[in-house]
Protein chains: 2
Amino acid sequence: MNGQFQIATHVLTLLCKQPGELLSSDYVAGSMNVNPVLVRKEMRKLRACGLIESKEGKTGGYSLALPPQKITLADVYKAVKLPPALGQAKNKPNPDCPVGKQIGAHLDNLADDVEAAIVKKLSTITIFDFVNQFD
Amino acid sequence: MNGQFQIATHVLTLLCKQPGELLSSDYVAGSMNVNPVLVRKEMRKLRACGLIESKEGKTGGYSLALPPQKITLADVYKAVKLPPALGQAKNKPNPDCPVGKQIGAHLDNLADDVEAAIVKKLSTITIFDFVNQFD
DNA sequence: TTGTACTGTAATATTTTTTATTACAGATAA
DNA sequence: TTATCTGTAATAAAAAATATTACAGTACAA
């Protein structure tokens with residue numbers, strides 16, 4: 001149950017709908033019933049990737065750093081750094097087993113391919129597109 | 001940290017490498033340093049999807065139910081039923097907010113599209129292909 | 001210049017999910 | 001009838017995500 005991508009997308013949607021305005025983490029958190037600190041954490045990731053800007057102090061808040069046509073959902077996905085779609089084994093396979101010895105590398109390659117497929121799909125959708133679906 | 005897909009793929013790899021033999025959950029678990037009960041749980045899912053067969057009692061164990069050319073990694077992915085690649089929000093967005101009211105449905109559609117992209121990618125790879133990568 | 005309303009961040013607690021462990025009933029072959 | 005396996009439940013332990021609390025720093029405004 002990991003809602004980081006959903007939080008980030010929700011915020012970007014709000015920012016896109018209210019261009020020019022600075023939205024606070026409290027306001028945004030209220031719109032999605034989530035803790036404001038969690039919003040600020042996701043915002044840090046988005047800002048580190050150059051997708052949003054933030055302003056401190058009174059009248060501070062968040063705004064888009066780029067036109068929404070330039071922000072794809074792949075950018076969001078990469079920014080929030082979700083755990084891999086195929087999961088990740090915590091165990092270390094037995095190195096004495098010919099299969100156990102090699103399977104880690106093959107599974108890693110596969111995971112990379114799947115992540116690439118996800119990014120490819122998400123890169124075709126911008127925040128602008130996503131928001132345009134709304135009534 | 002979810003290793004269910006890795007466990008399932010590991011077992012299928014072993015079964016593919018040793019055709020005709022029945023492999024026990026203890027043997028398999030030893031090859032990947034994981035708890036035997038966890039192996040049996042994943043095997044239940046694979047059997048429910050018709051990918052493997054199991055035999056109880058002494059000399060019991062697991063075997064492939066289909067030729068490895070007929071089992072794709074998409075079949076495995078669907079069988080193990082991982083949580084969605086984009087995560088899943090546990091919170092319920094504020095229904096009084098025009099964005100909060102609608103975003104759930106749009107995020108669900110997006111999640112479906114991404115899952116479809118993953119399945120499409122994985123459906124191009126059979127267990128036979130995967131195992132053929134090994135030395 | 002002082003109060004107010006934000007962000008940024010750390011520390012901690014709670015909740016949820018995953019994995020491990022234990023236990024035992026039932027099946028099957030030797 | 002004994003040993004070895006699957007099937008499954010119940011419980012414990014470990015890991016991850018989220019919530020909460022707290023507070024320093026920043027910027028605006030009265």
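From a predicted model like this one, the values you see are computed outputs, not experimental measurements.
Comparing B/P83 and A/L23 by the nucleotide of DNA chain C that holds the closest heavy atom to each, the one mapping nearer the 5' end is A/L23.
Think of the region where chain A sits on DNA chain D: with heavy atoms and a 4.0 Å cut, that region ends 5' and 3' at D/dA17 to D/dC28.
Counting to the nearest Å, the P atom of C/dT19 and the NZ atom of B/K41 are 9 Å from each other. The CG-C1' distance, from B/N91 to C/dT16, rounds to 14 Å in whole Å. Separating the CG atom of A/L22 from the P atom of C/dA5 is a distance of 17 Å, rounded to the nearest angstrom. Rounded to whole Å, atom P of C/dT16 lies 18 Å from atom CG of B/N2. The distance between atom NZ of A/K90 and atom C1' of C/dT19, rounded to the nearest whole Å, is 6 Å. Taking atom NZ of residue A/K58 and atom C1' of nucleotide C/dG3, one finds them 8 Å apart after rounding to whole Å. Spacing between atom OH of A/Y27 and atom P of C/dA5 amounts to 18 Å, rounded to whole angstrom units. Atom-to-atom, CG of A/L46 to P of C/dG8 comes out at 12 Å; the value is rounded to the nearest Å.
Around the NZ atom of B/K120, the shell of radius 6.0 Å holds no more than 12 heavy atoms that belong to other residues, nucleotides or ligands. For B/K101, the NZ atom sits in a loose shell: 12 or fewer heavy atoms of surrounding residues, nucleotides or ligands are nearer than 6.0 Å.
An OP1 or OP2 oxygen of C/dT19 is reached within less than 4.0 angstrom by no side-chain nitrogen or oxygen of B/N35. Applying the 4.0 Å criterion to OP1 and OP2 of C/dA5, one finds that A/T59 has every side-chain N and O outside that range.
Direction of the helix axis in the helix from C/dT1-D/dA30 to C/dA30-D/dT1 shifts by 0° between the two five-pair termini, rounded to 10°.
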